[in-house]
Student: 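Quick one: the structure is below, and I'll ask about it shortly.
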There are 2 protein chains.
Amino acid sequence: MELQKHSRESVAELLRRHGINPTHQRIEIGYALFQSPQHPSADQILAMVNARHAETSKATVYNTLKLFVEKGMVRELIVDPSKIYYDPNTSVHHHFYDVAAGELADIPAAGVHIEGLPPLPPGMVTEGIDIIVRTRPAR
Amino acid sequence: MELQKHSRESVAELLRRHGINPTHQRIEIGYALFQSPQHPSADQILAMVNARHAETSKATVYNTLKLFVEKGMVRELIVDPSKIYYDPNTSVHHHFYDVAAGELADIPAAGVHIEGLPPLPPGMVTEGIDIIVRTRPAR
DNA sequence: GCTTGAATTAGACAAAGTCAAAATTCTAAT
DNA sequence: ATTAGAATTTTGACTTTGTCTAATTCAAGC
Ligand SMILES: [Mn+2]
Ligand SMILES: [Mn+2]
Ligand SMILES: [Zn+2]
Ligand SMILES: [Zn+2]
């Protein structure tokens, strides 16, 4: 057993733990998200979910991803002007972004420190700190 | 004299220094960009430029902003999933982003250090490092 | 088998941005 | 002055990503 990190059953359990009713569509979307190509866009998820046969509508994919974000099950990454990428890893970490290929790679939080940030504007609270290292192929 | 940091003449000069032929439209767009509301979007610039009377088309605003970015005269800020913000300050610095209001505020680079970043993926070169502190109103 | 609330769907719509072709303006010869 | 060629701008159609609303389907509980 344990051939895959995430079975549909373990995704259902993850949904329950985040207070999300694990319907068929939500399980498929979560499953797609936690599978392979780290950091997919909504469009890619829609394609993955419906690869074998039509299973889920566009509206449901967008609604569900928004729900996942609200419930803290996934994170949005805003690095590309034209689409949102989704990150199944919600723990603190940062990213390389290959602007030529449009691909993201994780930077583990361990060892990364930011020093000397000024205090927040008054009355504001931090929602998150993103470090994005934009890269491109040399020469 | 010197009532404004940037006159149309000084914008024209800035364009020339960046190898951009200073046409009427480009000067107006640059002037709008360097005026006030720090970090405008393309849409806001279009509105500013045409506030008094129609002066510049949508295509020219988008083309020109892209040209400015290519020539290194302004910087794009990707912080919002729905629009690009433009930053007339190209020196190294970072940003607070109020996700509720959609407003950016500068964080001067002085004193801010990032430690412990891993080496770049092989064959890649850094294009820039962005730190975005996402904030929202408390409570 | 009904009833009801939750979830999903289709399809129209909106916003931001792109693109190609036509029109205009500029430049620099003749 | 005239004209050719290049650069710039414009128009308007188009694409992509995402949103919205109303209709439909689904899942329990009775
Ligand atoms: Mn866009
Ligand atoms: Mn969008
Ligand atoms: Zn990640
Ligand atoms: Zn700035």
Student: Can you figure out which of C:dA16, D:dT9, C:dT9 approaches the side chain of A:Ser57 most closely?
Tutor: C:dT9

Student: Please report the distance, rounded to the nearest Å, between CZ in A:Phe68 and P in C:dA7.
Tutor: 12 Å

Student: Tell me: CD of B:Glu28 to C1' of D:dT10, nearest whole Å?
Tutor: 17 Å

Student: How many Å lie between CG on A:Asn50 and C1' on C:dT8, as a whole number?
Tutor: 13 Å

Student: To the nearest Å, how far apart are A:Leu46 CG and C:dT8 P?
Tutor: 14 Å

Student: Look at the side chain of B:Lys66 and decide which nucleotide, out of D:dT10, C:dT18, C:dT9, has an atom nearest to it.
Tutor: C:dT18

Student: Can you check whether any acceptor in the base of D:dG18 is under 3.5 Å from a donor in the side chain of A:Lys58, or vice versa?
Tutor: yes

Student: To the nearest Å, how far apart are B:Ile78 CD1 and C:dG17 P?
Tutor: 9 Å

Student: To the nearest angstrom, how far is B:Asn63 atom CG from C:dA16 atom P?
Tutor: 17 Å

Student: Donor-acceptor pair, B:Arg136 side chain versus B:Ala101 backbone, under 3.5 Å?
Tutor: no

Student: Do you see a donor-acceptor pair shorter than 3.5 Å between the side chains of A:Ser82 and A:Asp80?
Tutor: yes

Student: Could you give the CZ-to-C1' distance, from A:Arg26 to C:dA7, as a whole number of Å?
Tutor: 6 Å

Student: Taking any heavy-atom pair under 4.0 Å as a contact, classify B:Thr23: base, sugar-phosphate, or nothing.
Tutor: sugar-phosphate

Student: Examine C:dA15: is either OP1 or OP2 under 4.0 Å from a nitrogen or oxygen in the side chain of B:Ser82? Give yes or no.
Tutor: no

Student: Would you please say whether a donor-acceptor pair under 3.5 Å links the side chains of B:His95 and B:His39?
Tutor: yes

Student: If you pin B:Lys83 and A:Asn21 to their nearest nucleotides in DNA chain C, which one's is more 5'?
Tutor: A:Asn21

Student: Ignoring hydrogens and angles, state whether a donor on the side chain of B:Arg75 or B:His93 is under 3.5 Å from an acceptor on the partner side chain.
Tutor: yes

Student: Of all the choices, D:dG18, C:dA16, C:dG11, which nucleotide is nearest to the side chain of A:Tyr62 once you look at every atom?
Tutor: D:dG18

Student: Which part of the nucleic acid does B:Ser41 contact within heavy-atom distance under 4.0 Å: base, sugar-phosphate only, or nothing?
Tutor: nothing

Student: Do the side-chain N or O atoms of B:Gln25 get closer than 4.0 angstrom to the phosphate oxygens (OP1, OP2) of D:dT10?
Tutor: yes

Student: Would you mind reading off the distance between A:His24 atom NE2 and D:dC26 atom P, rounded to a whole angstrom?
Tutor: 12 Å

Student: Please determine, for the side chain of A:Thr64, which listed nucleotide (D:dT9, C:dT8, C:dC19) has the closest atom?
Tutor: C:dT8

Student: Would you please say whether a donor-acceptor pair under 3.5 Å links the side chains of B:Asp130 and B:His94?
Tutor: no

